2 protein chains.
Amino acid sequence: MSGWLAVAGLGPGNDALVTPEVQAALAAATDVVGYTPYVARVAPRPGLALHPSDNRVELERATHALTMAAAGQGVVVVSSGDPGVFAMASALFEALEAGPAEWRDLDIRILPGITAMLAAAARLGAPLGHDFCAINLSDNLKPWDVIAHRLRMAARGGFAMAFYNPRSKSRPHQFAEALDILRAECGNDRLISFARNVSKPDERLETVTLGEATPEMADMRTVVIVGNAETRRVGRFVYTPRSAGGAA
Amino acid sequence: MSGWLAVAGLGPGNDALVTPEVQAALAAATDVVGYTPYVARVAPRPGLALHPSDNRVELERATHALTMAAAGQGVVVVSSGDPGVFAMASALFEALEAGPAEWRDLDIRILPGITAMLAAAARLGAPLGHDFCAINLSDNLKPWDVIAHRLRMAARGGFAMAFYNPRSKSRPHQFAEALDILRAECGNDRLISFARNVSKPDERLETVTLGEATPEMADMRTVVIVGNAETRRVGRFVYTPRSAGGAA
């Protein structure tokens, strides 16, 4: 039997946002690998082995998955959201690059999913309806100076912005610094939205101005979206018009 | 009967990428509105009226959809990709803002879909696996100077980039100018990928360096992805590592 590996995006949490392509891969798999809460979303069945693992072991998990696929298994690496956006796809290719050359001939596919910022944007209205940036605010894998620089460049380019992993207990001051940078660049009136646990039963949405925003409005389960200069409210929605007159 | 309106993302073209949430909305609708090729993807059935319309009439289409929902119909506005990314959601809210105040109380939902850049990224590997920008290169609704400025800010921020609507017959020189800006900012060795008709039978993927890229590699059915300084090939894939050492 010839092995294969799919890195599949489960979307933000609600099964109504899982594509048929991902459902079919899960139905065909012999092994499912992933962070424990994502593997818990896959229904057990005879012939399917579930391999949950901890957070922050992405490379080991990817290597395990590649090893099983090379041995002839049908392996799905489950990822939240879209695997290509701050999730498991890049880790898989890092492991592929570091592994034996014959792994590069494996049947490997990345199956897209609904990423958190687009699920959040849909629930809010259309705050990312014009040019935008996606930025991971975690400094696990990059220096904070790089993040601060990117916030300034995104603001000066007039982009809307979506932030993943905005705030954790290990670095509580950085999101406060991010808000300070944004206020200095964009002014106090710019809209900022906090979307927590989007598509789940305890979803929470909140939109305020940068002047009103506090660091406590975000945690690691929150996606933060900052509008551009044209972003506005209409009724209960927040949206960014399609046209732009100026650069920022 | 109480009306409702959903703006639904059909994904890049393959029905295996349409979410169950969108399928359920289409099954419940009395009316489907949209650009002709997208409406053509919806199966006719008794009780469902299809309202195809031309490109570039987004506001009229949105107003029509809101009018029908206000009259008690169940209306789905179909959009390619994700409705919130250079698609119908912002046009819907523009029409809502311009329309009668009572429209703001309507049951309106945006249903996310797989947007073209993330479908393209998945087929290529993981070129958007780190911080990135999404930019619409069409100058229909913004001046070219704004676009050129955003390309420079994105490059100086060290972002990967995805471009929608890179090139049309009415403005063939602009994408050449975009490539010149990118070569000046990022150097000739930066990887650039052209993904045409992603997920469709005639899908075409091509990755070259900026030095090798020519304007003719893109048309309006192409999503263009430019890597950051770390973006590399492994086997037949292109990916961007999760870590970053410097700003650009």
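Throughout, protein chains are lettered first and strands after them, A, B, ... in sequence-line order, and every chain is numbered starting at 1. Just so it is clear, the structure is predicted and the values come from calculations on it, not from any experiment. Basis for what follows: all heavy atoms, side chains included, without hydrogens, waters or symmetry-related copies.
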Can you tell which of [options] has the highest number of heavy-atom pairs within less than 4.5 Å of chain A?
{"options": "Ala160(B), Gly11(B), Ala91(B), Pro83(B)", "value": "Ala91(B)"}
{"options": "Ala119(B), Gly235(B), Gly125(B), Pro241(B)", "value": "Gly125(B)"}
{"options": "Ile147(B), Leu92(B), Ile114(B)", "value": "Ile114(B)"}

Short question: side chain of [X], backbone of [Y] - any donor-acceptor pair under 3.5 Å?
{"X": "Asp131(B)", "Y": "Cys133(A)", "result": "no"}
{"X": "Arg150(A)", "Y": "Gly158(B)", "result": "yes"}
{"X": "His130(A)", "Y": "Phe86(B)", "result": "no"}

Sub-4.5 Å side-chain heavy-atom contact between [X] and [Y]:
{"X": "Arg242(A)", "Y": "Lys142(B)", "result": "no"}
{"X": "Pro112(B)", "Y": "Leu17(A)", "result": "yes"}
{"X": "Phe93(A)", "Y": "Val238(B)", "result": "no"}

Residues Thr115(A), Leu118(B); criterion side chain to side chain contact (heavy atoms under 4.5 Å, CB included); working and verdict
CA-CA 9 Å; Thr115(A) 187; Leu118(B) 298 185; 3.8 Å; yes
With a 4.5 angstrom heavy-atom cut-off, is it the side chain or the backbone of [X] that approaches chain A, or both, or neither?
{"X": "Met88(B)", "result": "neither"}
{"X": "Ala101(B)", "result": "neither"}
{"X": "Leu137(B)", "result": "neither"}
{"X": "Arg109(B)", "result": "neither"}

With side chain to side chain contact (heavy atoms under 4.5 Å, CB included) as the test, would you mind laying out the steps for Arg156(B) and Arg156(A) before giving the verdict?
CA-CA 11 Å; Arg156(B) 291 174 196 175; Arg156(A) 291 174 196 175; over 6 Å; no
Of the backbone (N, CA, C, O) and the side chain (C-beta and beyond), which part of Ala24(A) lies under 4.5 Å from a heavy atom of chain B, both, or neither?
neither
Return the option, out of Val22(A), Leu111(A), Ile108(A), Val18(A), with the maximum number of heavy-atom pairs under 4.5 Å with chain B.
Ile108(A)
With no hydrogens and no angle check, do the side chains of Glu94(B) and Tyr239(A) hold a donor and an acceptor under 3.5 Å apart?
no
Should the heavy atoms of other residues, nucleotides or ligands under 6.0 Å from CZ of Arg123(B) be counted, would the total exceed 12?
no
Around atom CZ of Arg61(B), are there more than 12 heavy atoms from other residues, nucleotides or ligands closer than 6.0 Å?
yes
How would you list all residue pairs meeting salt bridge (charged side-chain N to carboxylate O under 4.0 Å, His left out) that involve residues 78-90 of chain A, not counting sequence neighbours?
none
Looking at every heavy atom in both Ala134(A) and Phe159(B), which two are closest together, and how far apart are they?
O-CE2, 4.4 Å
Note: Ala16(B) and Pro20(A) closest approach over all heavy atoms is O-CD, 3.2 Å
I'd like to know whether Phe237(B) forms a side chain to side chain contact (heavy atoms under 4.5 Å, CB included) with Ile110(A), so could you lay out the CA-CA distance, the side-chain angles of the two residues, the decisive distance to 0.1 Å, and finally the verdict.
CA-CA 11 Å; Phe237(B) 302 103; Ile110(A) 310 298; 5.8 Å; no
Roughly how far, to the nearest 0.5 Å, is the CZ atom of Arg104(A) from the CZ atom of Arg236(B)?
11.5 Å
Can you tell me which residue pairs pass the side-chain hydrogen bond (donor to acceptor under 3.5 Å, both in side chains) test with a partner in residues 7-29 of chain B, sequence neighbours excluded?
Asp15(B)-Arg41(B)
